[in-house]
Amino acid sequence: MADPMKIRANATGDSTEVKVLMSHEMETGQRKDSQGKTIPAWFIQNVTVTHGDKVVLAAQWGPAIAKNPFLSFKFKGGAKGDKVKITWTDNHNDTRTDEVVIA
Amino acid sequence: MHDTIIRRGLLAGAVALTATVVLYGCATTRADDPEIAARASAMMKASFKERGQAKLDRLNQDETQRLCSEYAGRTLPASVVDKIQKENLATVKYPADGKLVGDWKSGERIAQSGQGFQYSDDPSRPAGANCYACHQLAPQELSYGTIGPSLYQFGKLRGYTDETRRYAWAKIYNAEAFNACSNMPRFGHHGILTEQQIRDVVALLTDPASPVNQ
Amino acid sequence: MQPVKRRALAATCAIVAALLAGAAGISGVALAQSTADEIQKYRDALQDGNPAELWEARGEELWKTPRGPKKVSFASCDLGLGAGVVKGAYAHLPRYFADAQRVMDLETRLVWCMVNQQGMTQAEATKNAFGNGSERRSDIEALVAYVTSQSRGITMNVALDEPHVRDMYALGEKMFFFRGGPHDFACATCHGEDGKRIRLQDLPNLTKTEGAQKAYTTWPAYRVSQGELRTFQWRLNDCFRQQRFPELVFGSDASIALTAYLAGRANGAKYDGPAIKR
Amino acid sequence: MDSRRRQALKSGGGLTLATLLVAAGWLKPGDAAAADAWNKSAFETKSLDDTMKALGGGTPATSKDIAFFSTPDIAENGAVVPIGITSSVPKTESIAILVEKNPNMLAAVFDIPAGTEPSLSTRIKMGQTSNVVALVKADGKYYVASKEIKVTLGGCGG
């Protein structure tokens with residue numbers, strides 16, 4: 001079962017900076033284990049960040065995103081006390097949603 | 001097993017207490033107490049376990065290792081330097097066919113590879129010499145270490161002579177023969193590299209066509 | 001070692017190399033410097049988000065959760081500052097614990113609490129001392145991440161005047177200079193001189209206060225090469241693997257002695273982990 | 001850790017992300033399709049041309065209005081390479097990251113809705129020294145900038 005994300009959202013004026021760390025293997029499907037068997041691909045494919053009911057970032061990822069992914073960006077319109085919600089879904093259709101209050 | 005050692009340690013610690021209180025002010029200088037060395041050695045034997053090719057006998061020091069441990073961090077007395085260098089020089093074997101120079105391309109691969117002798121390594125694969133971990137060689141490789149001197153243009157600077165090659169051979173075979181307590185492994189003496197591999201590394205250093213000499 | 005001769009030789013090589021490089025229109029020294037600068041940029045860019053935080057969060061959860069056959073949390077675990085006290089505890093470790101009659105580092109103490117308070121067997125408690133991905137996650141690594149994070153900014157203060165700790169320190173120091181194995185390596189081979197690097201990685205000189213402080217206060221660390229948070233026990237274990245030694249047993253006396261030596265040498269510096277490293 | 005939330009998510013594991021988002025009221029149904037898509041063919045491409053085809057674009061124009069920030073020239077480890085990209089091309093709609101010498105070129109595509117700054121940073125994997133390409137879609141057109149990142153071998157070589 002996936003671990004919680006670590007999200008920070010800080011507002012400066014009209015701009016909110018979001019930084020998130022996700023707990024995920026991001027296995028490429030190219031590596032082999034010690035027995036020489038290919039380790040199947042297992043990676044986050046979609047990430048959606050919402051502020052209220054507005055999508056502020058939507059991403060599609062391949063397995064070339066580093067293990068335990070990090071993402072940082074800024075959007076306008078957020079205010080301290082608002083919530084930012086982040087959801088990821090991986091190729092096993094496992095998904096995780098976490099939220100944070102803008103500071 | 002731990003208990004005995006701890007108890008022995010505590011006892012010795014208590015006995016040594018008066019002395020160490022005085023010495024404590026210089027905690028940054030290394031303790032030369034042979035009793036501590038003996039206890040440290042016993043503690044290590046109880047604290048490691050064999051794994052794969054790495055057996056516990058690797059903790060048994062030869063005379064060179066023992067002396068270099070004992071004098072670590074201090075100036076080696078000239079007599080110890082002589083002893084170590086003489087004994088190690090006597091171990092150097094040159095190839096029976098006299099051929100010192102092999103293939104620099106293969107030498108470059110050996111210089112890049114750090115595989116071999118770790119318990120995590122496959123013992124059936126050839127070991128590398130990992131030269132780049134400590135030395136600059138071919139200038140194209142930016143990722144080189146500085147524990148040893150740069151060997152860039154090793155042959156070009158020293159001349160492509162038999163003398164240079166014999167020195168390179170012996171230095172790779174047993175670095176302690178020239179530099180007592182050198183940080184460099186004794187690749188021939190300990191059988192880390194085969195004769196052919198040493199030839200190839202000598203080629204990397206002393207072949208005029210090698211990227212090291214460009 | 002013959003410092004004078006070696007240094008002279010190295011200096012000659014450097015000068016000759018620089019002259020030749022200069023003649024060819026490129027400066028080897030400048031090239032090395034720009035490489036070092038770029039590597040520094042790489043390291044700086046990683047500081048912004050350290051996945052160690054993911055381990056810290058899981059460790060905090062584990063710390064507070066009743067565990068083992070006795071369903072006991074770590075609230076009763078004394079890391080040296082009182083039962084359940086985490087804040088600042090790591091800055092005082094290793095230390096002597098009278099209840100165990102042993103000098104212990106953080107990892108050993110956590111295992112002691114799992115065994116003696118939570119009712120696990122030694123084997124259960126140390127089963128996944130070093131984790132490997134999501135298949136084999138290490139509770140110890142997570143707990144260590146949490147506990148050490150609670151000493152961030154606190155000055156290292158290992159009690160070197162305590163006789164048991166002092167004894168371990170002296171033994172650890174001996175170990176540090178112990179050369180052995182097929183490659184003749186000791187800890188000091190790579191960590192005994194200033195300004196050295198292996199490949200492009202700077203090697204702290206652990207025999208100097210400054211080097212020991214910088215190194216010790218930045219472990220544990222998230223290792224980007226492995227995608228794992230690694231503890232100081234792991235650091236020592238893996239150094240000995242690369243030294244071509246047999247395997248250092250987790251929580252063994254030798255591991256604690258060496259930790260006592262290095263932690264003690266870091267005294268006076270502010271603890272700054274868990275960090276992020278190559 | 002919020003185990004109840006995790007439980008809820010687990011039980012919804014069979015649903016697609018879009019239906020979850022719609023169900024939770026975070027997305028208007030009209031937005032859902034965009035959020036749900038994962039462009040399989042684009043992520044399997046081996047060249048810039050093929051990636052462009054898969055993304056539905058033509059030949060991109062090189063642009064000076066795309067900049068890399070906090071992106072080193074040399075990566076100490078290819079497993080984690082920090083990449084920051086800012087686009088000052090007006091009406092930037094999306095930013096993609098491509099690595100020329102990776103087995104599959106496309107690493108990520110970010111859709112940038114109005115109100116979000118066309119600037120982001122993440123970390124990618126690189127198998128070897130390679131050009132990294134920032135591909136920007138703005139007002140229906142494609143623009144690129146690229147930067148070489150050297151990947152070095154580190155440590156004791158093991």
Side-chain angles (χ1 to χ4, degrees), chain B residues 2 5-6 9-10 13-14 17 20 24 27-28 30-31 36-37 39-41 43-44 46-51 54-56 58-61 64-65 68-69 72-73 76 81 117-120 132-134 139 142-147 149-150 152-153 157 179-183 185-186 190 192, chain C residues 1-3 5-6 9-10 13-14 16-17 20 28 31 35 101-102 160-161 163-164 166-171 173-175 177-186 188-190 192-193 195-200 203 207 209 240-242 244-249 252-255 257 264-265:
Chain B
H2 281 162
I5 288 163
I6 292 166
L10 289 182
L17 189 60
T20 33
Y24 173 56
T28 50
R30 211 177 48 80
I36 290 185
R39 281 172 54 220
S41 180
M43 187 178 72
M44 287 179 77
S47 294
F48 284 81
K49 61 179 180 201
E50 72 167 55
R51 183 163 166 189
K55 311 293 184 204
L56 283 176
R58 291 191 179 181
L59 297 174
N60 300 334
Q61 294 175 310
T64 299
Q65 292 172 334
C68 293
S69 304
L76 282 173
V81 171
F117 293 85
Q118 300 169 120
Y119 54 70
S120 50
Y132 283 103
C134 300
L142 298 178
S143 182
Y144 61 86
T146 60
I147 295 170
S150 171
Y152 175 52
Q153 296 189 329
L157 295 172
N179 184 359
C181 301
S182 161
N183 287 325
R186 293 172 279 175
H190 276 311
I192 300 165
Chain C
M1 217 176 300
Q2 290 170 292
K5 197 163 127 197
R6 271 179 73 197
L9 181 68
C13 289
V16 173
L20 287 167
L31 188 68
T35 301
Q101 298 194 323
R102 194 180 174 201
L160 295 178
D161 51 354
H164 303 86
R166 189 170 54 235
D167 189 51
M168 288 299 254
Y169 178 102
L171 290 165
E173 182 175 45
K174 264 288 170 208
M175 272 185 73
F177 293 100
F178 183 97
R179 289 174 68 134
H183 286 55
D184 299 329
F185 288 152
T189 307
C190 289
E193 284 180 78
K196 300 291 181 188
R197 47 174 233 233
I198 190 158
R199 290 281 183 170
L200 285 174
L203 294 163
T207 66
T209 305
F240 282 112
R241 178 182 67 83
Q242 293 172 112
R244 275 75 180 170
F245 278 37
E247 184 175 14
L248 179 66
V249 174
S252 60
D253 284 336
S255 72
R265 297 200 52 65

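A quick note: this is a predicted structure, and the numbers were derived from the prediction, not measured. Chain letters run A, B, ... following the sequence lines, proteins first and then strands; every chain starts at 1.
Put simply, CD1 on C:Ile198 and OG1 on B:Thr146 are 9.5 Å apart, with the number rounded to the nearest 0.5 Å. The structure places CE of B:Met44 at 5.0 Å from CZ of C:Phe240, a figure rounded to the nearest 0.5 Å. If you take CZ on C:Phe177 and OG on B:Ser69, they are separated by 10.0 Å, rounding to the nearest 0.5 Å. Put simply, CE on C:Met175 and CD1 on B:Ile36 are 14.0 Å apart, with the number rounded to the nearest 0.5 Å. Between C:Phe178 atom CZ and B:Leu59 atom CG the span is 5.5 Å, to the nearest 0.5 Å.
Looking at B:Lys55, only its backbone comes within 4.5 Å of chain C, counting heavy atoms on both sides. B:Ile192 touches chain C through its side chain: at least one heavy atom from C-beta onward sits under 4.5 Å away, while N, CA, C and O do not.
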Go through the steps to decide whether C:Arg241 and B:Arg51 satisfy the test side chain to side chain contact (heavy atoms under 4.5 Å, CB included), and finish with yes or no.
CA-CA 10 Å; C:Arg241 178 182 67 83; B:Arg51 183 163 166 189; over 6 Å; no

Test side chain to side chain contact (heavy atoms under 4.5 Å, CB included) on B:His190 and C:Asp184 and set out the steps.
CA-CA 9 Å; B:His190 276 311; C:Asp184 299 329; 3.3 Å; yes

Stepwise side chain to side chain contact (heavy atoms under 4.5 Å, CB included) test for B:Arg39 and C:Asp167
CA-CA 11 Å; B:Arg39 281 172 54 220; C:Asp167 189 51; 2.5 Å; yes

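Distance alone, capped at 3.5 Å, places no donor-acceptor pair between the C:Lys174 side chain and the B:Ala37 backbone. Panel note: side chain B:Arg58, backbone C:Gly180; no donor-acceptor pair is recorded below 3.5 Å. Side chain of C:Arg197 to backbone of B:Tyr144: a donor-acceptor contact under 3.5 angstrom is found. Of the possible polar contacts, one joining the B:Gln65 side chain to the C:Gly181 backbone as a donor-acceptor pair under 3.5 Å is found.
Between B:Ile147 and C:Cys190 the shortest heavy-atom distance is CD1-SG, 3.9 Å. In terms of heavy atoms, B:Ser47 sits closest to C:Ala254 at OG-N, 3.0 Å.
The ring of C:Phe245 has its center no closer than 6.0 angstrom to the ring center of B:Tyr119.
Not counting sequence neighbours, the partners of B:Cys68 by the side chain to side chain contact (heavy atoms under 4.5 Å, CB included) test are B:Thr64, B:Ile84, B:Glu176, B:Cys181, C:Arg179.
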